[in-house]
Number of protein chains: 2
Amino acid sequence: MTALVDGQVTAKFLLGRRRDQMDPDDIAALERSVSAIRDLPTRRTLIRAGEPVVESTLLLEGILCRYMDDRAGHRQLVAIHVPGDFVDLHGFPMGRLDHDIATIGPVKVAVWKHGALEDILAPRPKLQRMLWFSTLLDAAMHREWIFRLGRLGADGRVAHLICELEERLAMVGLSRGGTYGLPLIQADLAEACGLTNVHVNRVLRALREQELMTFRDGRVTILNRPQLRVLGEFEPGYLYGNHPEKVAEALAGAA
Amino acid sequence: MTALVDGQVTAKFLLGRRRDQMDPDDIAALERSVSAIRDLPTRRTLIRAGEPVVESTLLLEGILCRYMDDRAGHRQLVAIHVPGDFVDLHGFPMGRLDHDIATIGPVKVAVWKHGALEDILAPRPKLQRMLWFSTLLDAAMHREWIFRLGRLGADGRVAHLICELEERLAMVGLSRGGTYGLPLIQADLAEACGLTNVHVNRVLRALREQELMTFRDGRVTILNRPQLRVLGEFEPGYLYGNHPEKVAEALAGAA
DNA sequence: CGTGAGCTTGAGACAGGTCAAGGGTGGTGG
DNA sequence: CCACCACCCTTGACCTGTCTCAAGCTCACG
């Protein structure tokens, strides 16, 4: 349990998206109804598929993932979450999840009991709309992942993911100048890209040799953003960022 | 413009899911606020990525798809829609879409102006929750498609899709006894499965020779449902059907 | 009866998987 | 302080699933 300054818990929620359109009273209501702040260790499963979920989780620090296992036990990541993401808000309207959620590194999260959400949302259709919107961002990213797996080769898949994470982390102030911390191992990248870890290793080498990017010791450095985006066929429109052109300029300037 | 008996437009919406939990007054409000019923021809693009969307579409008859193109112009389907699906409800909270929507065969749809939705949803948080839920079904299916593309081989991908469509069509009464109409061509299946049409053709032959299923002239016939589901690693939980065990029994009985 | 859209099959190429071995590094315990 | 171990990264050799290219077939329709 960590003490946080009032108004800080949701500080990154929808940041870079529509946070500026949120009603301050709605934000205050959300802040007031948090039921707990928790720290969780590395590689811990938070929620298992099928079990009833009675609370929802906003990621404050660290990286979480959602995944599904195939019969042989091989994991497919279906989402990677960064701070500010309302990770399992899907469980609120649905009542259970169809996949597992787990930490990758250590994380800090805030949780809301679904009952508390019910109470604050009933009289606040606009806030409910915002939460709805935030789950649709997940859906948009899911679609992009389908595209990534269905149409891109191994290099493109890795490049696309690295570009997406840069953009998302930049929105919440966690990526600057083309470099960001990413506490994944190569096997995690493989599970996100539908590849083997051996092949991800080769892809990373190729990207390094082409001087497009590096990924070492949990840190990504993008060396040639335009080329990396071409390789990954990355167009950030699906992230529904506030100021896509301004972000693009800022990033170009920083590179 | 087609005349429909009052109360029929949304008859399939959430059918087999949570339709029975919907408030009759909410349904009536939805019915009343329909702005048009339209018939659309084969292979027609309805909505293009990025353009502002001011109305949302409920599919009444036929099959629609959502897709994204890669740089070379190759299409990746990210969703296939069946009657009862509120296809582009995502555009209501989001304002625009990140992908295109097109018909496959001829379809009949109902459309709602977003303004009309705003009006009926403001005082109806429960209805808004239902619409939210329906978009999260799409997200759940997206996740399953990610799994399909990331972890299954060609046979499994096709098998999985065929099983999913059977289950979804059965929920709205359009699949019986393991057979259903599916007005796709092999190239559409390929675009949904991240494969080439040549390879889909070979996969279909293999599935036919193993007496698991056939697909000819726009009709699917499932010959060995248990084996097909094993091959596709298909578990219908992600479809959030009302009575998964009853559905399973009914289907087993019909086979 | 010709034409085109969709289906089918074959042969060869290649991306990525599989299996196997070795190397670096940090943590732990003797 | 060193030895060991676990975890992760790296590389090589070979294998296979899927793609590519190409040709022919079927059938509905004008």
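We use all heavy atoms of the structure for the numbers below, so side chains are in, but hydrogens, waters and symmetry mates are not. So that the names make sense, note that chain A is the first sequence line, chain B the second, and so on, each numbered from 1. Quantities reported herein were computed from a predicted structural model and do not represent experimental measurements.
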Rounded to whole angstrom units, what separation is found between the CZ atom of A:R216 and the C1' atom of C:dG23?
-> 13 Å

Quick one: does A:D138's side chain get under 4.5 Å of A:H90's, heavy atoms only?
-> yes

Nucleotide of C:dG6, D:dT10, C:dT8 approaching B:R208 most closely (side-chain heavy atoms) | C:dT8

Let me know the distance between NE2 of B:H199 and P of D:dA22, rounded to the nearest Å.
-> 20 Å

Rounded to whole Å, CG of A:L195 lies from P of D:dT16 at a distance of 20 Å

B:Q186 CD to C:dT9 P, straight-line distance once rounded to whole Å | 10 Å

pair A:R225-A:E166: side-chain heavy atoms closer than 4.5 Å = yes

With the side chain defined as heavy atoms from C-beta on, A:V198 is closest, among D:dT20, C:dA20, C:dC7, to C:dA20

Looking only at side-chain N and O atoms, does B:T196 come under 4.0 Å of OP1 or OP2 in D:dC19?
-> yes

Pairwise side-chain contact, A:C65 with A:D188, heavy-atom cut-off 4.5 Å (strictly under) | no

The side chain of B:A154 lies closest to which of these nucleotides: D:dT18, C:dT8, C:dT9?
-> D:dT18

Verify, without hydrogens or angle tests, whether B:Y240 (side chain) and A:D98 (backbone) share a donor-acceptor contact under 3.5 angstrom.
-> yes

Whole-Å gap separating P (D:dC19) and CG (B:N201) | 13 Å

Rounded to the Å, how far apart are A:L184 CG and D:dC8 C1'?
-> 14 Å

Base, sugar-phosphate, or nothing: which does A:G218 touch, judged by heavy atoms less than 4.0 Å apart?
-> nothing

Have a look at A:L228 and tell me which of A:H160, A:M213, A:Q210 forms a side-chain contact (heavy atoms from CB on, under 4.5 Å) with it.
-> A:M213

Specify the separation, in whole Å, of atom CZ of B:R205 and atom P of D:dT18.
-> 14 Å

Judged by nearest nucleotide, the residue sitting upstream toward the 5' end of DNA chain C, B:R202 or B:R43, is B:R43

Grab the CD-P distance between B:E191 and C:dG6 for me, whole Å please.
-> 11 Å

